[in-house]
Amino acid sequence: MKVIMPYIKRYRKDVYISLISIIALVFATLWQPRLLQVIMNAILKGDNKTIIQQGIMLIALAIVGIAAGIVNTIYSAHVALGVATDLRSDLYEKVQSFAYADVEKFSASNLVVRMTNDINQVQQIVMAAFQQVSRIPLLFMGAFILAMVTMPQQWWVIIAMMVIVISVSYYTFHKMSRYFAETQQDIEDVNTVARENLMGIRVVKSFVQESHEIKKFSATSDRLTRVTAKIGYTFGVLMPIFFLTANIAVVVSVYLVGQSITVHPGYLAAITSFISYLMQILFAVINGSFLMMGASRANISLGRIGEVLKTEPSMSYVEGKPDPVEGDIEFDHVTFTYPGDATPTLKDVSFTIKAGEMIGIVGATGSGKTTLAQLIARLYDPDSGSVKVGGIDVRQLPEKSLRETVAYVLQRSTLFSGTISANLRQVKRNATQMQMQWAANIAQASEFIERLPMTYNAPVEERSSNFSGGQQQRLSITRGVIAQPKILILDDATSALDARSEKLVQDALDKDLTGTTTVVIAEKISSILRADHILVLDEGKVVGNGNHKELVANNSYYQEIYNTQKAREEGRS
């Protein structure tokens, strides 16, 4: 409740109107059987005047009840929608404040489920709360008192029915809470499997793994089906038990009235009202039970939402004016270990890059090349040592200063659905057509963009499926260079380009971004031959630092990589 109460308080006016309307609805519901009893007595006595008067009052009471119900539904829905919308917005904003490591800790699919399914569960319980929470106790107490007043001799029938229904509800509530927790986890698992399959559909098709993926999805989906079926079976048994109990109570009441009708003739008019109150008590208990079950499920969802909202980002930025920062880079005895790992990925790494230089980074898979680049962009913070940009520790730079200084282009290009221009303006909001063309020329993207009917306003479909891998990489490079960053990191960002396009990109970068420090992570040594410095990494350590000629002559690690690639190229030719 601590999570949701601040959001409910934002809608005080709607909450008050909802509560007032529910009181009016309960009054109308409870008083109708009382009027029916008066009418029945009037019928037995042949009092037509009373019949007409009470009939008019009964109709008026029904209109009040209908109007109150409509008002309550409208304002309850307004509160529920408002709370869900605000909660979803705050949750999304919180996720945006997370460091990369925080997102990885939860996982993307996990966070998506929390922002969708879990929020929906909360919305439903808030709606039910303002329709039922205040109604149920008032209706229960009112119906109980009026039933006792109407036929006091039948008090034990009411108590017996309540004991049975409440006992069954209590047992079911405890059982269902476990099922609801399993359901949320299974929904998350189904979402993860489906997401991974659809994102990797090319791999699935390439290796003809459709049947395997179907089995994998079916196994996950079947778990959800089994838990959902258990919930359905429990509900299927629960309702007949409730109504059987109520019908037995009615039969017993009618039987007892029949036995004592000569002693208490007034019971003939009262039995209908008594049965109505009896059913109102039953429905109050049933609705209360369902509300408790829904609250149990929503409480699990609220806990998952609260977990995200309470998580403090593992990385924070200093406040300050985003002053310009130069493009030199310095690593000073940097050691870094990924969360959950026992072995450091980078070990005591030190080097310096002057502004405007090009540095290449090579090494075997898992040697720490990408990790090193991520520390420059401050996707992670080092365990020890410091990473400096422009002579300032990146932890002391305002976020805007760092983002304006460092542009990071990944090997796996991520473009957002929309248009090409919208993707480019993510980096430079006020980018003009001329600036987009300049950046596209550097990335060799203009040749295919300008062939599109809408050029820079051409659509980008979901997961950029309407562009090839090479086109996606060139668009990503365009986005990276459009703001003319002081530091440009290319993490194997030309791997999908042919040799000619890659050379043209490198030539354009040298020509048009002369003042930019370029960090190139590459698998192919041919991509970094012109680098001022080449760092050779092995198992997280810098085992070589120099230009191509120096490393070929003096560094055994570099020689091995170079000779292997050279032999491979000669074999192809």
Side-chain angles (χ1 to χ4, degrees), residues 1-19 21-22 72-98 102-103 105-137 169 172-192 195 224 227-228 231-232 234-235 286-312:
M1 292 302 292
K2 290 181 180 179
V3 175
I4 201 170
M5 282 307 297
Y7 294 91
I8 292 177
K9 288 178 180 178
R10 298 176 186 178
Y11 299 90
R12 284 189 177 89
K13 179 182 176 182
D14 298 313
V15 169
Y16 293 148
I17 294 175
S18 174
L19 293 177
S21 63
I22 205 69
N72 175 259
T73 300
I74 291 172
Y75 283 91
S76 297
H78 190 234
V79 174
L81 286 171
V83 168
T85 300
D86 293 347
L87 197 56
R88 188 181 294 110
S89 297
D90 287 353
L91 192 62
Y92 186 78
E93 185 177 343
K94 185 69 174 185
V95 171
Q96 294 301 306
S97 73
F98 281 171
D102 301 324
V103 176
K105 183 183 76 172
F106 285 102
S107 87
S109 60
N110 181 299
L111 291 170
V112 168
V113 170
R114 296 185 195 222
M115 284 189 282
T116 53
N117 187 273
D118 285 322
I119 293 287
N120 289 340
Q121 295 298 329
V122 173
Q123 179 178 327
Q124 290 174 17
I125 198 61
V126 172
M127 179 75 177
F130 286 100
Q131 285 188 304
Q132 302 291 345
V133 167
S134 53
R135 179 184 180 185
I136 289 170
S169 300
T172 307
F173 167 71
H174 281 281
K175 191 174 182 180
M176 296 287 269
S177 60
R178 177 169 58 86
Y179 291 156
F180 288 143
E182 291 178 16
T183 299
Q184 292 304 108
Q185 183 60 52
D186 289 340
I187 290 172
E188 185 177 305
D189 293 341
V190 168
N191 182 284
T192 299
R195 178 175 172 272
L224 175 61
V227 177
T228 306
I231 294 173
T234 305
F235 276 124
I286 291 175
N287 289 336
S289 301
F290 285 146
L291 187 63
M292 290 292 287
M293 292 175 193
S296 174
R297 187 170 188 176
N299 189 54
I300 293 167
S301 295
L302 272 174
R304 288 159 53 87
I305 293 167
E307 185 183 1
V308 177
L309 293 174
K310 292 174 185 176
T311 299
E312 291 299 323

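The two residues V126 and A80 come nearest to each other via the heavy atoms CG1-CA, 3.7 Å. Between V83 and Y11, the closest heavy-atom pair is N-CE1, 4.0 Å. Pairing each heavy atom of L309 with each of K94, the nearest pair is O-CE, 3.2 Å. In terms of heavy-atom proximity, S18 sits nearest to F130 at OG-O, 3.3 Å.
Around CD of Q96, the count of heavy atoms belonging to other residues, nucleotides or ligands within 6.0 Å exceeds 12.
Panel note: side chain N120, backbone T116; a donor-acceptor pair is recorded below 3.5 Å. Of the possible polar contacts, none joining the R10 side chain to the Y7 backbone as a donor-acceptor pair under 3.5 Å is found.
Taking CD1 of I119 as the reference point, atom CZ of R114 lies at 11.0 Å (rounded to 0.5 Å). For the atom pair CG of L87 and CD1 of I8, the computed distance is 10.0 Å after rounding to the nearest 0.5 Å.
Partners of T73 according to the side chain to side chain donor-acceptor pair (under 3.5 Å) rule, which considers only residues two or more places apart in sequence or in another chain, are Q131.
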Verdict with reasoning, K310 to D90, per salt bridge (Lys or Arg N to Asp or Glu O under 4.0 Å): CA-CA 11 Å; K310 292 174 185 176; D90 287 353; over 6 Å; no
Step-by-step side chain to side chain contact (heavy atoms under 4.5 Å, CB included) determination, Y75 to V15: CA-CA 7 Å; Y75 283 91; V15 169; over 6 Å; no
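Of the residues listed (Q123, R304, R88), the one engaging D118 in a side chain to side chain donor-acceptor pair (under 3.5 Å) is R304, and it is the only one.
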